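Reminder, nothing fancy here: chain letters follow the sequence lines and each chain counts from 1. The structure displayed is predicted, hence computed values, not measured ones.
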There are 2 protein chains.
Amino acid sequence: MATSKDIARIAGVSQATVSRVLQNMDNVDESTRQRVLDALRETGYVPNLQARAMRMRRSGLIGVVTGRLTNPFYPELLDALAEEITSAGLRMALWTTDEPASSTVAVQAIQGSAIDGLIFTTATSKDPALRQAVAQQLPIVLVNRSIARLQCDQVTSDNVAGGRLVAEYFLAHGRTSVAVVGGDDIISTSRERRRGFTKAFAQQGIEIPAHRQRKCDFTHDAARKVGLELLGSDDRPAAVFCVNDLVAFGVQDAAHQLGIAVPDTLWIAGYDDIPMAAWDRIDMTSVRQPIDELAKLAVDTLVRRIKKHDMPFSHRRFSAELMVRGSTGWAPAHD
Amino acid sequence: MATSKDIARIAGVSQATVSRVLQNMDNVDESTRQRVLDALRETGYVPNLQARAMRMRRSGLIGVVTGRLTNPFYPELLDALAEEITSAGLRMALWTTDEPASSTVAVQAIQGSAIDGLIFTTATSKDPALRQAVAQQLPIVLVNRSIARLQCDQVTSDNVAGGRLVAEYFLAHGRTSVAVVGGDDIISTSRERRRGFTKAFAQQGIEIPAHRQRKCDFTHDAARKVGLELLGSDDRPAAVFCVNDLVAFGVQDAAHQLGIAVPDTLWIAGYDDIPMAAWDRIDMTSVRQPIDELAKLAVDTLVRRIKKHDMPFSHRRFSAELMVRGSTGWAPAHD
DNA sequence: AGCTCCTATGCATTCGTATTCACGCGAAGG
DNA sequence: CCTTCGCGTGAATACGAATGCATAGGAGCT
């Protein structure tokens, strides 16, 4: 591989001048610039990014820490992040970790300046590496999940409001006997969605009994089992809110297996509006987050944070939107 | 951030000795080693990966080029690759590109030695950057898709055999009036799957007419439209083979919309066995590739290739497995 | 002509680490 | 007692690009 020194020799200039051309500086004579450009083209020169990164103290790499990609919401978010990162002229390093995310290696990568900053999509308040990184004021942005009082930039959507949207829709249609499924209180998104939902009911004087509030893993399988329990008894709810779509699909399958008609006798709503939710046979009502906006703001914020360390931390919440579909009674007019 | 020079000062040794300790060399006295280790611990030293990479001419970063993550097969493969890369003590850089994949930036990243090697999951023979990278003998491994006669390591599963599996299953059950949907001949996987399928029928003297061989994008939506056309006429096939699961789900939804009973009057089979295929309401017969093995071998091969440039190129094919489900008549015994 | 000023360029240094080379010192051997 | 060897260590250098500083040379002014 040709180095800038080689280019210098070929063009008959010093390495410094080559560097100046590469950096598009204007204090270079037009004729020499051309000679250098010719040499660059001729050799197919590609700058050594390591050396450049070392000298500039900036690698152009953005790290992303995310959960396993088995929940299709994360690939969607990841795709959007990748798009933003690429169009900002940067590259992306990825860590997928099991929950609860322990992101030690990723944090070491910032400390070792292998990456310029880090985006967490699945942060938990228990993650020690995250805490340490924040304490050291490293450039970090939380997206999707939030952690109150953590001194770093956070970009989320309003999950409390999202949960409330579903509750209000249920209430407006007289479905007052409800259940809520899924979630782990350590995970901010599910905690908030659940809270928004239950609180809206509480405000109407309806307390959701404990056996109607079921935790479960964020998988189709776990949700199906919980669904069978929840819907198997005679005392079954008239509507179920699931804190994410995979869980909703599992409950939907449980209902199907039990011969419970959706939406006639049971309504189901999910969260995230992953692409499958819109498929005909699933047709799941779900709360949609503005993924592209989330990703865009997260990357923008991180890039600015990297440039300017001393900046007040921002905590931006986007609002979510209810996509009403067949699982809650809406009948499409098929074309 | 503390540097190795700082550590040297604290431990009262030279920077060279610190480096020797970091590299676990044995030509350093035990007492000095301890002093250095103490200093390292005390300061929470993290090596500068840029500098190390520059000196060692190895970054510890593996690049992965993949398509948009909207097809759940890629997240699955990506997850497996991430797992392998991490457990090899390496890090992963990711590019998601639109099809046909143009991977210029990724290739430049190797040339600029920002990454040590590259794994392509969605290679096409038309990609100029890929061709160039191969011509320069850069460390590259193709996984999932293959390109005949391309001088680089390739790890795939036997898509021809996979297509044949489906055909033989259809034939064994007397479903001889068939169609095949999806695919683009530039994409090796779909081309091979289709070929395996049609060839098996041809060997039984059955030619599948052209209007029963429909190309379409690898999306649920596109497939649904094609499905409506294909199944809308009176002359409809008794079984459809779709070159991937998203397409199969789209055709399944088209059948549902038209009121065609699956599996009674129509059989459908997909490919990739993405997680949703096993869900109750979908229950799609599909061909499963050994994703974990693919990922493991791909990473292993790349790591060896990076270490040893002159090695014969390997082209390994794993075999695939037919997962028979309800969309082709198999009835589960529900527990 | 002598002075200043500005432009274009080269030289030298820097980033943090790994590694080569050279050397001092103590032990072993004659 | 003088060599030889080997172990442990430090000094110096290289990796490739970016940049501060110095300077040559030309233009413009008095």
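Using modelled atom types and a 3.5 Å distance limit, the side chains of Gln151(B) and Gln137(B) yield no donor-acceptor pair. Side-chain atoms of Asn48(B) and Ser113(A) include a donor-acceptor pair closer than 3.5 Å. When only modelled atom types and interatomic distance are considered, Asp116(B) and Ser59(B) share a side-chain donor-acceptor pair under 3.5 Å. Donor-acceptor pairing under 3.5 Å is recorded for the side chains of Ser103(B) and Asp127(B). Ser188(B) and Asn159(B) form no side-chain donor-acceptor contact under 3.5 Å, judged by distance and modelled atom types alone.
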Give the intermediate values and the outcome of salt bridge (charged side-chain N to carboxylate O under 4.0 Å, His left out) for residues Asp79(B) and Arg68(A). CA-CA 7 Å; Asp79(B) 236 352; Arg68(A) 297 270 153 201; 3.7 Å; yes
What's the verdict on salt bridge (charged side-chain N to carboxylate O under 4.0 Å, His left out) for Lys296(A) and Asp300(A), showing C-alpha distance, side-chain angles and the deciding distance? CA-CA 6 Å; Lys296(A) 183 162 177 42; Asp300(A) 282 358; 3.8 Å; yes
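Rounded to whole angstrom, the span from the CG atom of Asp26(B) across to the P atom of dT19(C) amounts to 14 Å. One interatomic measurement links the two molecules: CG of Leu40(B) to P of dT17(C), which rounds to 10 Å at whole-angstrom precision. Atom CE of Met25(A) is separated from atom P of dA18(D) by 9 Å (rounded to the nearest Å). Rounded to whole angstrom, the span from the CG atom of Asn27(A) across to the C1' atom of dT23(D) amounts to 15 Å.
Counting non-hydrogen atoms under 4.0 angstrom, Ser19(B) reaches a base of the nucleic acid.
Between Ser4(A) and dA17(D) there is a side-chain N or O to OP1 or OP2 distance below 4.0 Å. Distances shown here put a side-chain N or O of Thr17(B) below 4.0 Å from the OP1 or OP2 atom of dG10(D).
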Name the pairs: protein N/O against N/O of nucleotides 22-24 of chain C, kept only if under 3.5 Å.
none

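Closest non-hydrogen pair, Ser125(A) versus Ile186(A), comes out as OG-CG1, 4.3 Å. Between Phe313(B) and Asp153(B), the closest heavy-atom pair is CA-OD1, 3.4 Å. Heavy atoms only, all atoms of each residue included: Pro139(B) and Ile306(B) are closest at CB-CG1, 3.8 Å. For the residue pair Arg35(B) and Gly12(B), the shortest heavy atom distance occurs at NH2-O, 3.9 Å. A pairwise comparison of heavy atoms in Arg317(A) and Ser146(A) identifies NH2-OG, 3.9 Å as the closest pair. Taking every heavy atom of both residues into account, Leu130(A) and Ala123(A) meet most closely at CD2-CB, 3.7 Å.
Residues from residues 8-16 of chain A with heavy atoms under 4.0 angstrom of DNA chain D, sorted by number: Gln15(A), Ala16(A). Contacts between residues 29-39 of chain B and DNA chain D, defined by a heavy-atom separation under 4.0 Å, are made by Asp29(B), Thr32(B). For the segment residues 43-63 of chain A, the set of residues with a heavy atom within less than 4.0 Å of an atom of DNA chain C comprises Met54(A), Arg55(A), Arg57(A), in numerical order.
Residue order along DNA chain C, read from the 5' end via each residue's closest nucleotide, puts Arg20(A) first among Arg20(B) and Arg20(A).
Evaluation of the salt bridge (Lys or Arg N to Asp or Glu O under 4.0 Å) test over residues 40-57 of chain B, restricted to residues two or more places apart or in two chains, returns Asp38(B)-Arg41(B).
Taking five base pairs at each end of the helix from dA1(C)-dT30(D) to dG30(C)-dC1(D) and finding the rotation axis that steps the C1' atoms of four pairs onto the next four gives two axes whose angle is 60°, to the nearest 10°.
To the nearest 0.5 Å, the span separating CG on Leu302(A) from CD on Glu84(A) amounts to 12.5 Å. In this structure, CG in Leu294(B) is found 6.0 Å from CD in Gln289(B), a value given to the nearest 0.5 Å.
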